[in-house]
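Structure, as structure tokens:
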Amino acid sequence: MSAAPAAALLAARARRTHRAAWSAVVVALALASLLLGAFALTVGATALGHARVERYAAADAVVAADQTTRYRARPWGGGSDTAEAALTERIRVPWHAVDLLRKVDGVRAAVPDSTFPVTMENADGGAAHGSSWEAARLAPYALRTGRAPGAADEVVVSAGHGASPGDRVRLRAGGEARTFTVVGVADGRDAVHFTAGEARRLAGHPGTVDAIGLLAEPGVDTAELQARVRDALGRARVRDSRAEVRAADDATALRVYTGDDRGSAEQLAAAPARSALLALCGAVAGTVILIAVLVIASLVAQALRQRAGELALLRAVGAAPRQLRAAVGREVLRVSVGPALLGAVASIPACFGLLGLLRSGGALPSGFEPTAPAWLFAGVLVTAGLTVGIARLAAFLGCEPIARARPAAALGATAAEPVRERPARRITGLVLLALGVSAAGTATLQSGAVAAAAASAAALTMVVGCAVLGPWIARGATRVVAVPLRRFGGPAGRLAAAESASGARRLGAAITPVVLVTAFVLVQLTASATLSRAGDEQAVAAMRADLAVTATGDGLPPGALDRLRGTPGVAAVNDVLRGTVVLAGREAGAPSLERLPVLGVTPDALPCTLDPGLVEGSLADLGPGTVSVGRDRARSMDLRPGDRVRLRFGDGTERSPRVAAVHERSLALGEFLFARDELAAHLTAPRSTEVLFAASPGTDPSGLGARLMERLAADPARPDAQAPGGLTDVTLRQDPVPVRLVAEEQRAGEMLAGVAVAAIGAFTVIAVLSTLTLIGVGRRPALRLLRLVGAGRSQLRGMLCAEAALVTVAGLVVGAGVAAVPLAAFSFATARTVPYLPPLQGLLIVGVVAVTAAAGTLLPVRRALR
């Protein structure tokens with residue numbers, strides 16, 4: 001008989017005969033395909049995503065600055081490489097570029113656009129963004145009622161504000177509050193349109209604009225217009241407003257955006273969110289692939305191991321090695337294709353659900369639009385093929401020992417489990433464990449994202465090592481519990497000890513997925529909980545202020561801080577600003593750019609309002625050209641007071657401030673702490689939105705709060721001032737919420753970690769259940785034999801319960817040990833504390849594993865116990 005017909009016959013009959021065993025594998029295959037497809041689609045939709053085009057929807061092209069900073073370096077043993085990071089603060093365009101672009105052939109209109117925050121101080125209150133009515137044509141925002149503004153005290157508002165032509169509204173913008181007349185209502189949302197001259201004055205940067213929208217002449221192609229504009233800007237050598245102070249590797253020439261790229265000129269938060277989400281999704285997808293490989297390989301190998309006698313018999317009666325390989329391969333192919341395709345189809349709604357969850361949780365800014373063209377969904381066929389390929393590879397490796405055995409020795413080789421495993425397997429497992437411990441040691445020497453990556457790599461490496469060492473782990477666990485089982489467990493205990501000792505491979509296969517789910521869930525949950533708890537504790541310890549005032553929109557009214565400082569009972573006022581910096585460095589020799597959130601504070605008010613935890617230097621020296629650095633960051637960069645650190649601010653400006661101090665509470669207050677004026681010079685719109693107050697000794701905070709609100713309401717520039725406490729855009733709190741910096745990518749990371757724990761945790765729980773089900777199906781004949789020789793039902797149930805307890809305890813202990821090594825390193829490196837896991841989450845992990853192990857052990861053999 002030729003190989004192909006024989007393999008097809010053997011595969012078809014084996015599939016029918018072992019349908020019960022393969023059913024346990026089918027569920028895991030479908031879930032693996034679903035997870036791989038969902039995360040692959042999410043990565044693809046994020047990579048193809050773009051900033052939403054709103055205010056420039058009618059513009060054929062938009063000219064704006066390059067909002068990307070770059071760092072070029074030479075990696076180890078390679079050529080030059082470049083890292084890129086998006087900048088979060090607006091880099092503006094010189095005003096003279098407007099006149100230049102208006103003269104370009106094919107340009108019908110070049111419209112300058114600048115936006116600025118506006119606070120509406122009417123009865124409803126609310127924050128909005130202001131711009132010129134001239135720029136409204138770029139959207140286009142059409143008038144619904146009324147007319148365009150013609151005087152400096154006239155405005156057009158969006159329909160959502162509830163105003164009508166003729167209404168008088170009080171607006172605060174550009175550091176001043178005035179009353180304006182509404183002369184029109186237009187499309188759009190949260191927008192206030194002024195005359196061109198008034199908008200330019202209120203924007204506060206008369207020599208520059210945010211962007212320039214271009215409208216093309218009829219018949220001019222967009223690509224042709226883009227080429228002409230680029231050529232004109234290049235010939236005139238027009239650069240952005242920060243060209244002289246930007247980093248050497250940055251591109252300072254203006255960019256011309258068309259199509260979907262136009263959104264990049266208006267939605268500055270979209271590019272950082274896209275890059276952060278892409279990196280996080282890629283990391284989670286890599287973890288999913290690794291876990292899927294481990295789980296599927298373990299399940300397929302276990303299914304084939306239980307048929308080792310049958311395969312050995314076929315080999316003994318003359319089946320050729322290639323016939324066995326082909327038969328097993330075809331059988332696995334027939335079993336896996338259906339579930340893989342089913343999971344691939346289900347991954348499409350799962351991807352949209354994941355993106356919706358990220359959007360609702362704030363991990364995606366409203367201005368970012370993931371893109372999923374129709375051809376992208378063909379990628380699920382690739383993930384389905386990957387799932388099938390993993391199953392086939394596992395089947396090939398699983399049947400290889402029997403296929404290569406001599407026919408006469410095949411049956412003897414499978415008569416019992418080997419007492420001694422191959423040395424290569426033990427060496428491989430020990431090497432992986434050593435590598436994991438080494439990676440954990442690396443994490444203790446790093447900080448931030450590098451420490452997190454090293455700890456994650458350590459956990460995954462050690463989990464794989466434990467999977468390789470599964471039989472030895474099972475034998476060790478059996479030896480530990482054998483004595484108490486035999487002495488105190490009665491007949492059931494003695495049966496459990498004997499079965500466990502004789503089935504180390506089987507027991508190891510059951511323990512491995514428990515180790516996997518325990519280690520993975522513990523690492524994800526504990527790392528996040530440890531950082532969050534340590535950051536909250538530092539924020540509480542740092543807070544010294546008695547009161548806090550927060551404002552929306554344009555911030556506090558002009559002159560408000562001076563009035564508040566003069567209020568009787570006020571000892572100190574700290575006007576807090578939030579921003580970002582980009583730190584250039586190297587990771588494994590390759591260039592990297594790390595974006596970090598930072599604070600700007602009032603230095604002389606720090607002792608009374610905010611305590612960063614001084615380690616070295618003096619916070620009194622914090623001022624122009626200086627910075628305070630977090631202790632862990634200073635240690636990793638070998639910085640001390642007096643040294644200089646090279647940083648890039650959010651607007652691309654590169655500076656080398658002198659280290660004035662080293663502070664301890666960097667998880668709450670950021671790695672770098674600046675004087676307020678130093679940071680404000682590099683923000684798009686610095687405004688007083690968060691102010692901390694310290695009361696003088698003996699001053700009642702509640703009485704002081706009332707006086708502060710009276711001072712805020714009694715604006716001398718406002719004859720129609722509201723009653724005390726009537727400011728709808730200002731909030732005063734006693735016992736203020738601690739100041740805590742949280743990076744945008746950290747929020748996305750926490751949400752993705754939660755999704756990963758839920759999805760991969762459920763997948764590995766199903767894997768535990770499937771593995772135990774496979775083992776139970778294979779043990780039915782042995783259990784029936786034990787019943788025939790006199791074992792009672794209660795004894796067999798007791799034996800199985802003891803084995804389930806052994807699997808649960810061994811898996812939890814080993815998984816916790818695997819997770820403890822990288823978690824201890826990560827916690828020490830980032831928070832200098834011990835790992836923390838909320839008790840309820842720990843109990844939930846133990847309960848889920850215990851219930852899963854008991855169900856997987858008892859349910860498949862319930863008929864054999866009757």
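Computed over heavy atoms, backbone and side chain alike; hydrogens, waters and symmetry mates excluded.
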Side chain proximity check, [X] to [Y], heavy atoms < 4.5 angstrom:
{"X": "T580", "Y": "L596", "answer": "no"}
{"X": "P603", "Y": "L619", "answer": "no"}
{"X": "E244", "Y": "R239", "answer": "no"}
{"X": "R544", "Y": "C608", "answer": "no"}
{"X": "L564", "Y": "V570", "answer": "no"}
{"X": "R655", "Y": "V245", "answer": "yes"}
{"X": "D210", "Y": "E266", "answer": "no"}
{"X": "D250", "Y": "R242", "answer": "no"}

Does any donor atom in the side chain of [X] or [Y] lie under 3.5 Å from an acceptor atom in the other side chain?
{"X": "R646", "Y": "S656", "value": "yes"}
{"X": "H663", "Y": "S628", "value": "yes"}
{"X": "R648", "Y": "T69", "value": "yes"}

Practice prompt. Given side chain to side chain contact (heavy atoms under 4.5 Å, CB included), test L647 with L583 step by step and report yes or no.
Written response: CA-CA 5 Å; L647 298 170; L583 183 65; 3.6 Å; yes
Please confirm whether the backbone N or O of [Y] pairs with a side-chain atom of [X], one donor and one acceptor, at under 3.5 Å?
{"X": "D546", "Y": "P701", "result": "no"}
{"X": "T602", "Y": "D575", "result": "yes"}
{"X": "S827", "Y": "A824", "result": "no"}
{"X": "S275", "Y": "A271", "result": "yes"}
{"X": "T530", "Y": "A527", "result": "no"}
{"X": "S241", "Y": "R92", "result": "yes"}
{"X": "H50", "Y": "S264", "result": "no"}
{"X": "T684", "Y": "R90", "result": "yes"}
{"X": "R172", "Y": "M120", "result": "no"}
{"X": "S696", "Y": "G569", "result": "yes"}

Measure the spacing between [atom1] of [X] and [atom2] of [Y] and express it to the nearest 0.5 Å.
{"X": "L547", "Y": "R733", "atom1": "CG", "atom2": "CZ", "value": "11.0 Å"}
{"X": "H129", "Y": "T115", "atom1": "NE2", "atom2": "OG1", "value": "7.0 Å"}
{"X": "L268", "Y": "I91", "atom1": "CG", "atom2": "CD1", "value": "9.0 Å"}
{"X": "Y836", "Y": "E537", "atom1": "OH", "atom2": "CD", "value": "9.0 Å"}
{"X": "N574", "Y": "T609", "atom1": "CG", "atom2": "OG1", "value": "3.5 Å"}
{"X": "D249", "Y": "R72", "atom1": "CG", "atom2": "CZ", "value": "5.0 Å"}

Within 6.0 angstrom of [X] [atom1], more than 12 heavy atoms from elsewhere:
{"X": "R359", "atom1": "CZ", "result": "yes"}
{"X": "D536", "atom1": "CG", "result": "yes"}
{"X": "R565", "atom1": "CZ", "result": "yes"}

What closest approach, in Å, do [X] and [Y] show between heavy atoms, and which atom pair accounts for it?
{"X": "A265", "Y": "Y257", "result": "CB-CD1, 4.2 Å"}
{"X": "G535", "Y": "L667", "result": "CA-CB, 4.0 Å"}
{"X": "V63", "Y": "V93", "result": "O-CG2, 4.2 Å"}
{"X": "R52", "Y": "Q267", "result": "O-CG, 3.4 Å"}
{"X": "A270", "Y": "F368", "result": "O-CD1, 3.9 Å"}
{"X": "T68", "Y": "D66", "result": "N-OD1, 3.0 Å"}

Item to complete: Answer yes when D611 and R665 have at least one side-chain N-carboxylate O distance shorter than 4.0 Å, and no when they do not.
Response: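 Yes.
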Worksheet item: Under the 6.0 Å and 45° cation-pi test, does R262 pair with Y56?
Response: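 So R262 doesn't make the cation-pi contact.
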Discussion item. Would you call the rings of F649 and F674 parallel, tilted or perpendicular, taking 30° and 60° as the class edges?
Written reply: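 The rings of F649 and F674 sit tilted, inter-plane angle from 30° to 60°.
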Worksheet item: Do D240 and R246 pass the salt bridge (charged side-chain N to carboxylate O under 4.0 Å, His left out) test, and can you show the C-alpha distance, the side-chain angles, and the key distance before you say yes or no?
Response: CA-CA 10 Å; D240 63 58; R246 292 188 65 172; 3.0 Å; yes
Item to complete: Show your working on side chain to side chain contact (heavy atoms under 4.5 Å, CB included) between L622 and V601 and close with a plain yes or no.
Response: CA-CA 9 Å; L622 202 61; V601 297; 4.1 Å; yes
Worksheet item: Would R633 and S666 count as a side chain to side chain contact (heavy atoms under 4.5 Å, CB included) if you check the C-alpha gap in whole Å, the side-chain angles of each, and the deciding distance to 0.1 Å?
Response: CA-CA 9 Å; R633 181 69 61 173; S666 57; over 6 Å; no
Worksheet item: Does the side chain to side chain contact (heavy atoms under 4.5 Å, CB included) test come out yes or no for Y71 and R586, once each step is laid out?
Response: CA-CA 10 Å; Y71 173 51; R586 291 173 179 262; 4.2 Å; yes
Discussion item. Checking side-chain contact (heavy atoms from CB on, under 4.5 Å) between S688 and each of L577, T550, L561, which is the one that passes?
Written reply: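 For S688, the side-chain contact (heavy atoms from CB on, under 4.5 Å) test succeeds with only one of L577, T550, L561, which is L561.
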Item to complete: Evaluate the salt bridge (charged side-chain N to carboxylate O under 4.0 Å, His left out) criterion for residues E690 and R578: first the C-alpha distance (whole Å), next the side-chain angles of each, then the deciding distance (0.1 Å), finally the verdict.
Response: CA-CA 9 Å; E690 186 176 7; R578 297 172 186 253; 3.0 Å; yes
